[in-house]
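Notes follow once the structure below has been shown.
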Amino acid sequence: QVQLVESGGGLVQAGGSLRLSCAAPGRTFNTYTVGWFRQPPGKERELVAAISWSGGGTYYADSVKGRFTNSRDNAKNTVYLQMNSLKPEDTAVYYCAGSVYGSVVTDTRRYSYWGQGTQVTVSS
């Protein structure tokens, strides 16, 4: 069992930036694809970004393309989501999740390991 831990959420004004981190304390997950999901209040969870184990493959939802950037440092066992030009509609709980599929996957069912989530709130 791999437990993931997110950090870096918070309150920011529209147009601002945040960087989320996802780590697996005590475990190595550099062979996993990592996805970033978010769940706005009253809405379903959605995949917004994903990065393959090597970092060579990425996915971005249309709603965040050009504003969010996925990266990973396998030496530090950490994956990052840089979020720029934030909008109020980006407000959500953000989760990172790990998939044993090494290439980018967009099917939520292929993500087996989840973090507890971190709140991102963007004020207008």
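The analysis underlying the following values was restricted to heavy atoms, covering all of them including side chains, and did not include hydrogens, waters or symmetry mates.
The backbone N or O of Ala61 lies less than 3.5 Å from no partner atom in the side chain of Ser63, so there is not a single donor-acceptor pair. With Gln119 contributing its side chain and Gly10 its backbone, the two residues share no donor-acceptor pair below 3.5 Å.
Of the options Ser71, Cys96, Cys22, a side chain to side chain contact (heavy atoms under 4.5 Å, CB included) to Tyr80 is made by Ser71 and by none of the others.
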**OP:** Give the intermediate values and the outcome of side chain to side chain contact (heavy atoms under 4.5 Å, CB included) for residues Leu20 and Thr118.
**Re:** CA-CA 8 Å; Leu20 305 184; Thr118 186; 4.0 Å; yes

**OP:** Determine, step by step, whether Glu46 and Phe37 satisfy the side chain to side chain contact (heavy atoms under 4.5 Å, CB included) criterion, reporting the C-alpha distance in whole Å, the side-chain angles of both residues, the deciding distance to 0.1 Å, and the verdict.
**Re:** CA-CA 5 Å; Glu46 61 174 347; Phe37 294 77; over 6 Å; no

**OP:** Under the side chain to side chain contact (heavy atoms under 4.5 Å, CB included) rule, what do Glu44 and Gln39 come out as? Steps first, then yes or no, please.
**Re:** CA-CA 6 Å; Glu44 293 187 354; Gln39 187 164 20; 5.5 Å; no

Residues 97-105 side chain polar contacts: donor-acceptor under 3.5 Å, at least two apart:
residue, atom, partner, partner atom, Å
Ser99, OG, Tyr101, N, 3.2
Ser99, OG, Arg110, O, 2.8

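With 3.5 Å as the limit, one finds a donor-acceptor pair spanning the side chains of Asn70 and Trp36. In this structure, a donor-acceptor pair under 3.5 Å is present between the side chains of Asn74 and Arg72.
Linking Ile, Leu, Val, Met, Phe, Trp and Tyr whenever their side-chain heavy atoms come within less than 4.5 Å leaves Trp53 and Tyr111 in two separate clusters.
Here the closest non-hydrogen pair linking Phe68 and Tyr60 is O-CE2, 3.2 Å. The minimum heavy-atom distance linking Ser52 with Gly56 is given by the pair OG-N, 3.4 Å.
In this structure Tyr94 satisfies the side chain to side chain donor-acceptor pair (under 3.5 Å) test together with Arg38, sequence neighbours excluded. Take Thr106 and apply the side chain to side chain contact (heavy atoms under 4.5 Å, CB included) test, not counting sequence neighbours, and it matches Leu47, Tyr59. Residues meeting the side chain to side chain donor-acceptor pair (under 3.5 Å) test with Lys65, sequence neighbours left out: Asp62. Applying the side chain to side chain contact (heavy atoms under 4.5 Å, CB included) criterion to Gln82, with sequence neighbours excluded, gives Ser17, Arg19, Thr69, Asn84. Looking at residues two or more places apart in sequence or on another chain, you find a side chain to side chain contact (heavy atoms under 4.5 Å, CB included) between Val12 and Leu18, Leu86, Val122.
To the nearest 0.5 Å, atoms NZ (Lys87) and CZ (Arg67) are separated by 4.5 Å.
At a threshold of 4.5 Å between non-hydrogen side-chain atoms, the residues Thr91 and Val120 do not count as touching.
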